[in-house]
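We're numbering straight along the sequence, starting at 1. All of these numbers come straight from a predicted model, not from anything done at the bench.
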Amino acid sequence: MSTLKVNDISKSFRGVKAVRGISFEVGPGEMMALIGPNGAGKSTCFNMLNGQLRPDTGSVHFDGQDITGSSPGQIWRRGVGRTFQIAQTFGSMTVRENVQMVLHSVNRRLLGLWSPLGAGYVEEADELLEAVGMHTQADRACCVLAYGDVKRLELAMALANRPKLLLMDEPTAGMAPKERNELMSLTARLVRERGLSVLFTEHSVDVVFEHADMVVVMSRGELIARGVPADIRDDPHVQEVYLGTGAFLETSDIGQ
């Protein structure tokens with residue numbers, strides 16, 4: 001059974017079709033990249049999967065359950081983690097406290113004046129930070145972290161609800177090439193260790209072809225190709241859509 005099954009979803013805004021009948025599946029333990037040039041409809045598609053937008057038509061199934069129209073919070077509680085293009089962290093809190101905050105939400109515990117944040121889920125938070133290589137910075141304020149470390153912290157926070165599926169929106173945006181590959185290598189390791197499935201959007205060609213097991217390509221709201229990275233690289237239609245030159249550049253960036 002697929003972890004995520006997307007069946008013929010569409011979305012229009014004021015009569016303009018942003019997504020046109022997209023269907024694909026993400027299997028257990030699979031890292032799939034969703035790519036496309038500017039205006040392809042990737043963000044709209046991604047937001048329908050996460051519950052931020054409701055499809056006009058079609059359905060989304062996660063772990064065999066229909067989640068079409070569910071809220072982001074409901075989808076998160078079912079076991080779908082999410083990271084964002086702009087990292088969603090609390091700058092005034094320590095690294096550990098950021099993770100503790102999510103763990104409190106996972107366990108539906110309300111914080112009060114009598115229950116300081118630092119008193120709960122310390123061990124669990126430290127285990128997550130160790131998994132992403134951030135345990136030595138647990139007591140540092142988030143606001144002083146290097147950007148690559150902020151993205152690692154966000155990954156730890158996304159893992160706090162023990163997701164079966166991780167949605168990553170432009171996970172390496174704003175990062176240097178070395179940081180990009182380090183973050184995605186870390187993600188690939190966690191996929192193997194924890195049995196996760198991952199769907200990520202990405203503008204960096206080198207990241208996609210180095211780390212994705214499968215690639216889905218969108219253009220003008222439609223799915224135009226799906227396959228392993230080597231087949232996508234050699235697909236004439238995909239090459240034409242991206243560059244209009246018949247060839248990918250090894251390290252070129254793809255727009256959102």
Side-chain angles (χ1 to χ4, degrees), residues 31 43 46-47 49-52 71-176 178-202 207:
M31 284 188 66
S43 294
F46 214 67
N47 287 334
L49 306 183
N50 188 53
Q52 291 176 303
S71 70
Q74 290 170 331
I75 292 172
W76 178 75
R77 292 198 178 279
R78 285 180 179 269
V80 179
R82 175 83 188 259
T83 67
F84 296 84
Q85 183 174 353
I86 300 175
Q88 305 292 302
T89 56
F90 302 96
S92 61
M93 293 183 178
T94 67
V95 169
R96 181 185 292 113
E97 286 172 341
N98 269 270
V99 182
Q100 287 174 287
M101 178 66 75
V102 182
L103 288 167
H104 274 278
S105 180
V106 169
N107 292 283
R108 297 176 182 267
R109 284 187 58 182
L110 296 177
L111 297 175
L113 295 176
W114 60 91
S115 178
L117 179 61
Y121 307 109
V122 174
E123 184 176 344
E124 295 93 330
D126 286 350
E127 288 175 356
L128 288 166
L129 291 173
E130 185 170 6
V132 300
M134 287 292 292
H135 57 290
T136 61
Q137 302 194 60
D139 295 316
R140 298 188 71 197
C142 182
C143 61
V144 302
L145 295 178
Y147 187 65
D149 289 336
V150 172
K151 300 294 280 188
R152 285 174 179 263
L153 170 57
E154 187 188 33
L155 180 57
M157 294 167 67
L159 295 173
N161 69 327
R162 300 180 180 87
K164 291 185 178 181
L165 172 67
L166 189 58
L167 301 176
M168 305 180 75
D169 188 8
E170 299 283 356
T172 70
M175 302 177 75
K178 181 180 179 181
E179 289 179 318
R180 291 176 187 170
N181 283 294
E182 286 177 348
L183 180 67
M184 296 310 291
S185 293
L186 169 62
T187 302
R189 175 173 63 79
L190 292 171
V191 165
R192 294 190 300 271
E193 292 177 354
R194 297 174 179 246
L196 293 171
S197 300
V198 176
L199 177 68
F200 67 100
T201 61
E202 184 54 61
V207 168

Tabulate below the donor-acceptor pairs under 3.5 Å that side-chain atoms of residues 191-201 make, not counting sequence neighbours, or state none.
{"unit_1": "Glu193", "atom_1": "OE1", "unit_2": "Arg189", "atom_2": "NH1", "d": "3.1"}
{"unit_1": "Glu193", "atom_1": "OE2", "unit_2": "Arg189", "atom_2": "NH1", "d": "3.0"}
{"unit_1": "Ser197", "atom_1": "OG", "unit_2": "Thr3", "atom_2": "OG1", "d": "3.0"}
{"unit_1": "Ser197", "atom_1": "OG", "unit_2": "Gly27", "atom_2": "O", "d": "2.8"}
{"unit_1": "Ser197", "atom_1": "OG", "unit_2": "Gly29", "atom_2": "N", "d": "3.2"}
{"unit_1": "Thr201", "atom_1": "OG1", "unit_2": "Asp169", "atom_2": "OD1", "d": "2.9"}
{"unit_1": "Thr201", "atom_1": "OG1", "unit_2": "Glu170", "atom_2": "N", "d": "2.9"}

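Expressed to the nearest 0.5 Å, how far CD of Glu202 lies from CE of Met168 amounts to 9.0 Å. Between atom CE of residue Met157 and atom OG1 of residue Thr89 there is a gap of 6.5 Å, rounded to the nearest 0.5 Å. Here Leu145 contributes atom CG and Glu154 contributes atom CD; the two are 12.5 Å apart, rounded to the nearest 0.5 Å. One finds the CG atom of Leu183 at 10.5 Å from the CG atom of Asp149 (value rounded to the nearest 0.5 Å). Taking CG from Asn98 and CE from Met134, the interatomic distance works out to 9.5 Å, rounded to the nearest 0.5 Å. Atom CD of Glu124 sits about 9.0 Å away from atom CD of Gln100, to the nearest 0.5 Å.
The shortest heavy-atom contact between Ala131 and Leu186 is O-CD1, 3.5 Å. Residues Arg77 and Ser105 come closest through the heavy atom pair NH2-O, 3.1 Å. Closest approach of Val102 to Ala160, counting heavy atoms only: CG1-CB, 3.5 Å. Minimum heavy-atom separation, Asp126 to Ala138: OD1-CB, 4.2 Å. Across all their heavy atoms, Gly81 and Pro163 have their closest contact at N-CB, 3.5 Å.
For the residue pair Arg82 and Gln52, a side-chain donor N or O sits within less than 3.5 Å of a side-chain acceptor on the partner.
A distance-only check finds a donor-acceptor pair linking the side chain of Thr94 to the backbone of Glu97 [under 3.5 Å]. Side-chain N or O atoms of Asn161 include one that pairs as donor or acceptor with a backbone N or O of Trp76 at under 3.5 Å.
Each of Val132, Val99, Leu128 was evaluated against Leu153; a single residue qualifies, Val99, per the side-chain contact (heavy atoms from CB on, under 4.5 Å) test. When the options Asn50, Ile75, Thr83, Asn47 are evaluated for a side-chain contact (heavy atoms from CB on, under 4.5 Å) with Leu167, the one that passes is Asn50.
For the side-chain contact (heavy atoms from CB on, under 4.5 Å) test, residues two or more places apart in sequence or in another chain that qualify with Gln74 are Ser70, Ser71. A search for side-chain hydrogen bond (donor to acceptor under 3.5 Å, both in side chains) contacts involving Glu182 returns nothing, not counting sequence neighbours.
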Exercise for the section: Using the side chain to side chain contact (heavy atoms under 4.5 Å, CB included) rule, take Glu179 and Lys151 through it: C-alpha gap first, then chi angles, then the decisive distance, then the call. Expected result: CA-CA 10 Å; Glu179 289 179 318; Lys151 300 294 280 188; over 6 Å; no
